[in-house]
Amino acid sequence: MDNPILRIEHLYKSFGAVQATEDFSLSLETGHIHALIGPNGAGKTTLINQITGDIFPDRGRIFFRQEDVTPLRAHARAKKGMARSFQITHIFENLTVAENMALAICAAQGHNFRFWQNALDTRVVKDRLSPALDRVDLSGRAGLLARHLSHGEKRQLEVGMALTGDPKLLILDEPMAGMGPGGTVELTKLIRKLKGSLTILLVEHDMDVVFSLADRITVLVYGKNIATGSPEEIREHDEVRRAYLGEDT
Ligand SMILES: Nc1ncnc2c1ncn2[C@@H]1O[C@H](COP(=O)(O)OP(=O)(O)OP(=O)(O)O)[C@@H](O)[C@H]1O
Ligand SMILES: [Mg+2]
């Protein structure tokens, strides 16, 4: 790979007796959707937390856009172009969709939160709000309280908020979690639309979503990268089928 946006080298992280990340290495190709799959407790969220700088590895290094970011905290990595959405949604339920987005725009500009009441009136918000809502197909929902959005729309809003800082790498931790069958369609479309303007690392349990979106897939089991390859390669991989897809081969 000539120019990986992210390179992880020999990462280790334990919590007491639990080895949550074990000798994990991976490179992400710029512009790809890279899916990270693995059973519950495999260490997916722990890995993401180390990539974003929310927790620090015991050993190993992380390079982002050719720079060693291993010692940097989360806000410093965010400034360099990393953004994430969480496994549990992080939006203000009692603010409108537009207000939530305005706050994210202000935060991305480094504005002071004490003045958030005036956020909707600032020049930068006026300029950026409607394209930001449009980007995640929520223009028609601007005035609605966030708690009245469907589960999928809340996720769209959260993704839109993560995009306000114009990230180069977007990390999505189980964006489809809690959605009923069919609820995943809009968000899958949105993720596909975003591809091309940025690189996406996607943690997801819904295999239909993973296999329809991913350029490459990594399988994590007990903290280890047991396989990385194209969707076809992963589908055919014996160890993956046994360990994760639950097939007897
Ligand atoms: N802060 C922590 N303290 C102690 N143990 C932890 C901590 N965070 C994670 N673990 C343990 O590390 C392992 C990996 O957890 P992690 O949440 O990363 O898995 P995951 O792949 O994201 O699972 P899921 O699919 O359920 O979200 C688990 O055994 C978990 O119990
Ligand atoms: Mg998790």
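These numbers were taken from a predicted model, which means no experiment stands behind them. The basis for the numbers below is simple: all heavy atoms, side chains too, and nothing from hydrogens, waters or symmetry mates. Whatever order the structure lists ligands and atoms in, that order sets their numbers, starting from 1.
Using modelled atom types, no side-chain atom of Ser14 and backbone atom of Gln19 make a donor-acceptor pair closer than 3.5 Å. Under a 3.5 Å cut-off, the side chain of Arg73 and the backbone N or O of Asp54 do not form any donor-acceptor pair.
With respect to Glu236 and Arg241, a salt bridge is recorded, a charged nitrogen being found less than 4.0 Å from a carboxylate O. A salt bridge links Asp215 with Lys195; the closest basic N to acidic carboxylate O contact falls under 4.0 Å.
Annotation: Phe15 places no N or O atom under 3.5 Å from an N or O atom of ligand 1; distance criterion only. Among the atoms of Ala20, none of the N or O lies under 3.5 angstrom from an N or O of ligand 1. Considering backbone and side-chain atoms together, Gly38 places no N or O closer than 3.5 Å to any N or O of ligand 1.
Residue Asn40 does not count as close to the Mg ion (ligand 2), with no N, O or S atom under 2.8 Å.
Close contacts of ligand 1 with His205, meaning ligand atoms under 4.0 Å from a residue heavy atom, involve 25 (O).
With a 4.0 Å cut-off on non-hydrogen atoms, Thr46 touches ligand 1 through its backbone as well as its side chain.
A cation-pi arrangement, defined by a distance under 6.0 Å to the six-membered ring centre and an angle within 45 degrees of its axis, is present between Arg235 and Phe211.
The option from Ala177, Gly41, Gly223 that lies nearest to atom 28 (C) of ligand 1, judged by heavy atoms, is Gly41.
Exactly one of Lys224, Gln50, His10 qualifies for a side-chain hydrogen bond (donor to acceptor under 3.5 Å, both in side chains) with Thr21. That residue is Gln50.
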